[in-house]
Amino acid sequence: MDILATLNPAQRQAVEAIEGPVLILAGPGSGKTRVITHRVAYLIKVCGMNPGHIMAVTFTNKAAREMRERLDQLLGQEVGALTLGTFHAICARILRHEGKAIGLAPRFVIYDDEDQLNLIKQSLQELNLDPKQYAHRALQSAISAAKSHLLSPEDYAQRIQSYFEEIVHRTYQRYQQLLGQNEAVDFDDLLMKTVQLFNSQSKILSRYQSRYVHILVDEFQDTNVAQYALIKQLAGKYHNICVVGDPDQSIYSWRSADLRNILSFEKDYPDARLVLLEQNYRSTKTILEVGSDVISANLQRKPKELWTENEAGSPVAIIESYTEAEEAQYVVSEIEKLVSQEQISLRDCAVMYRVNAQSRALEEAFMRYGVPYKLIGGTRFYQRREVKDIIAYLRVIHNPHDNVSLARIINIPGRGIGERTTSQLQARARTDNASLYNTLEQVLEEKIFTPRIIQALAGFVTLINGLIANSHELNLAELLDEILAGTGYREYLLGKENGEERWENITELRNAAREHSELNPEEALATFLEKVSLVADIDNLDEKDDTVTLITLHQAKGLEFLVVFIAGMEEGVLPHRKSFDDPSEIEEERRLCYVGITRAGKRLYLLRSFRRSLFGSGSANPASRFIQDISPHLVTTKGLWDKVNINSIAGVHTPSPTHSNDISDPKVGDHVYHSKFGKGIVMSCLPDKGDQIVTVAFEESGAKKLLLSLAHLEKIEKTTDFPL
DNA sequence: CGAAAGGCTCTTTTT
DNA sequence: GAGCCTTTCG
């Protein structure tokens, strides 16, 4: 197959420019992934490059897997030794091989969010800091940010400017020590330590530099300082570095991704070739224009001209509902309509939203109507308590010095080792500067606990040691069975709430383990644990299933669907209220919205609800500002209450309007009556030159902006007939 | 020691 | 509303 034949001129240019640095700025749907894949294929097939000399970095494992599949197709054979994966996966592999050089235990475990938090809590405790005063989460993200900027605790100390940062520093320092003792690294360490490794070990670096003649990075706009430093190190010899990205789709700045990497790239590689991919193959003209209307309102941005030869298509539908339940119901019925009336399958449809909590109402509707759906994200499989319990056993078997995992399972299922005992053990471990596991063995020798506790502890140690011994012989699935049998985990689970369902998850875990049963036991365990740490939920999205996809806007990056619903187009949701006071965060929310819009091929629905109960209490939100930015001629707006409310209002008494009852101080959420528009709910109140501009969502006529002094709004009782 | 209940907080996005 | 923490009771 001619690798260049199917490419447009710009794409071809991007593929053929193999010498030196290349920056590809690619709009949504412009065939960016295709370009990277074809470029690799071109390097191998046309230029005769050994795949082992190429590194391609993707944003998710799923993208990596798909790229490998496509490469195999393009090349007509397995591509083999190509280094292909996420930054984290690639770094993990490098550190497995070379970590020794910077004092990293070869069996290091990778801690996830929850493990990290546990360790931060422990650090706070040891430093006698009040956990109420210093939120674990805040410290966690401060530490993560520091690492993403390659700041060691010592570096961080240099730039302390506030008392909080002082606390961060102390916690960070202790946290890092604890990680070391646990022979563990966190996600950020994978990047930071790899950079440190290359910084301090020039021999190792030059080996890798010589190996990777060509480096490609996808989703470059979402790389952070550490990732940028890493590719700069690796490309230090050949400078054949090709990065692909779209500044308008940068949505991970909260994870320290920095758009400025694009600027740095142009500065660090002044000879870089710039290729623009501006033709969109995915979306209708209308959808593309809607996207452009939304993103153009960002000030911190270089304008770019996207175009498409696709047809204009249907107008974008703006759907207004009263509640999120109605919103969800609409989505489901609309999907059913599309499937029955047009050539649309369930798998072509996706519902996207800002926060995971929004999925609940949607799920309920999908379940009620029996429409198959698939939820991406939320509580991820490998984060479920029962799954993590069993993984903790595997981790301890693999590396008994992993105290966080050991502490997790020491009394799960309950075996009479209580909190008191555990904290005494932990204190002892700390004074001895030993791992929990070693402390356990020590304590058993000294017999310093009561006989009953000693017996319990001995039982646990025997269990673990037995498992460790078996782990060398058994394959992974067998080892898992051994754990389950030895701990009575099944009985333990079945005695709990949702026990059956949770046991199913263990069965699923066992299936996943079986895939590794062919490797030798040592290697299988190591590979499995690493994989389990680095998988993202999106990685398991299988497009072959014919189901609707429910997904956050963040995870939707890089995907495409013929039909896209974006739920919750409201102020406070998208943009999220957390971003209100920072203009640059609002810009990121806008990019997020843009990402969602541009996922759509044929049809796009923007949904907003007047009322939404998120986090327990209900709130009334005005339409998202992003909706206001769309040219009216591109959309059709439909209110769902028209028919819904006529039914629900029937029989409700209607108060007679009298001006003397004018409401003087309307509050958001008040129910009001207007002589012309009827009943409605106050959405917002803005002071205006001694008067107030009140936005009211009327049941029959939609949202109106009214001047309080002229509107003669009357406050009315909330009636249960309101569809709230 | 362990289960249960009550109180508290904080509500974003994830490799 | 949920998850986490603390308290209480058996």
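Atoms considered below: every heavy atom in the structure, side chains included; atoms not considered: hydrogens, waters and symmetry mates. The sequence lines fix the lettering, A, B, ..., with proteins before strands; numbering per chain opens at 1.
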In whole angstroms, how far is the [atom2] atom of [N] from the [atom1] atom of [X]?
X      : N      : atom1 : atom2 : result
A:L191 : B:dT15 : CG    : C1'   : 8 Å
A:R255 : B:dT15 : CZ    : C1'   : 4 Å
A:N118 : C:dC4  : CG    : C1'   : 12 Å
A:K578 : B:dT11 : NZ    : P     : 5 Å
A:L190 : B:dT14 : CG    : C1'   : 14 Å
A:R408 : C:dC4  : CZ    : P     : 10 Å

Quiz prompt | Side chain of A:V355 (C-beta onward), nearest among B:dT13, B:dT14, C:dC5 | solution =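 The nucleotide sitting nearest to the side chain is B:dT13.
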Quiz item: Aromatic rings A:F187 and A:H88: how do their planes relate, parallel, tilted or perpendicular, breaks at 30° and 60°?
Solution: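 Answer is perpendicular, since the angle exceeds 60°.
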Using a cut-off of less than 4.0 Å, is there contact between a side-chain N or O of [X] and OP1 or OP2 of [N]?
X      : N      : value
A:T60  : B:dT15 : no
A:R360 : C:dA2  : yes
A:N356 : B:dT13 : yes

Quiz item: For residues 527-536 of chain A, which residue pairs qualify under side chain to side chain donor-acceptor pair (under 3.5 Å), counting only residues two or more places apart or in two chains?
Solution: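 Found A:R96-A:E530.
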Self-check item: Contacts of type salt bridge (charged side-chain N to carboxylate O under 4.0 Å, His left out), residue A:D246, not counting sequence neighbours
Solution: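 A:D246 satisfies salt bridge (charged side-chain N to carboxylate O under 4.0 Å, His left out) with A:K304 once adjacent residues are dropped.
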N/O to N/O distances under 3.5 Å, protein versus nucleotides 1-7 of chain B:
| unit_1 | atom_1 | unit_2 | atom_2 | d |
| --- | --- | --- | --- | --- |
| B:dC1 | OP1 | A:G418 | N | 3.1 |
| B:dC1 | OP1 | A:T421 | OG1 | 2.7 |
| B:dG2 | OP1 | A:G416 | N | 3.1 |
| B:dG2 | OP2 | A:N411 | ND2 | 2.9 |

Quiz item: What distance do A:N224 atom CG and A:S253 atom OG have between them, rounded to the nearest 0.5 Å?
Solution: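 Spacing of CG (A:N224) from OG (A:S253) equals 11.5 Å.
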What contact category does [X] fall into here, base, sugar-phosphate, or nothing, at under 4.0 angstrom with non-hydrogen atoms?
X      : result
A:K121 : sugar-phosphate
A:Q555 : sugar-phosphate
A:R385 : nothing

Quiz item: Ring centres of A:Y172 and A:Y175 under 6.0 Å apart?
Solution: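 Here the rings of A:Y175 and A:Y172 have centres that are no less than 6.0 Å from each other.
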Exercise. Please find out if less than 6.0 Å separates the ring center of A:F220 from that of A:F59.
Key: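 Between A:F220 and A:F59, the centre distance exceeds or equals 6.0 Å.
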Quiz item: Does anything in residues 410-425 of chain A pair up under salt bridge (charged side-chain N to carboxylate O under 4.0 Å, His left out), and if so which pairs, sequence neighbours excluded?
Solution: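 Checked against salt bridge (charged side-chain N to carboxylate O under 4.0 Å, His left out) - neighbours excluded - no pair reaches residues 410-425 of chain A.
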Quiz item: Is there a donor in the side chain of A:D189 and an acceptor in the side chain of A:Y111, or the other way round, less than 3.5 Å apart?
Solution: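 Note: A:D189 and A:Y111 side chains miss the donor-acceptor criterion.
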Self-check item: Stem list, DNA chain B (Watson-Crick or G-U pairing under 3.5 Å, at least 3 consecutive pairs)
Solution: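 Consecutive-pair runs (3 or more) involving DNA chain B: B:1-10 with C:1-10.
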Quiz prompt | Centroid under 5.5 Å and tilt under 30°, A:W254 to B:dT13 | solution =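 Yes, aromatic ring over the base.
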Quiz item: With nearest nucleotides of DNA chain B determined for A:S579 and A:L534 from heavy-atom distances, which residue corresponds to the more 5′ nucleotide?
Solution: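 So the residue in question is A:S579.
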Self-check item: Those residues that, when tested against A:Y212, pass ring pair (Phe, Tyr, Trp, His ring centres under 6.0 Å) (two or more places apart)
Solution: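 Partners of A:Y212 under the ring pair (Phe, Tyr, Trp, His ring centres under 6.0 Å) test: none.
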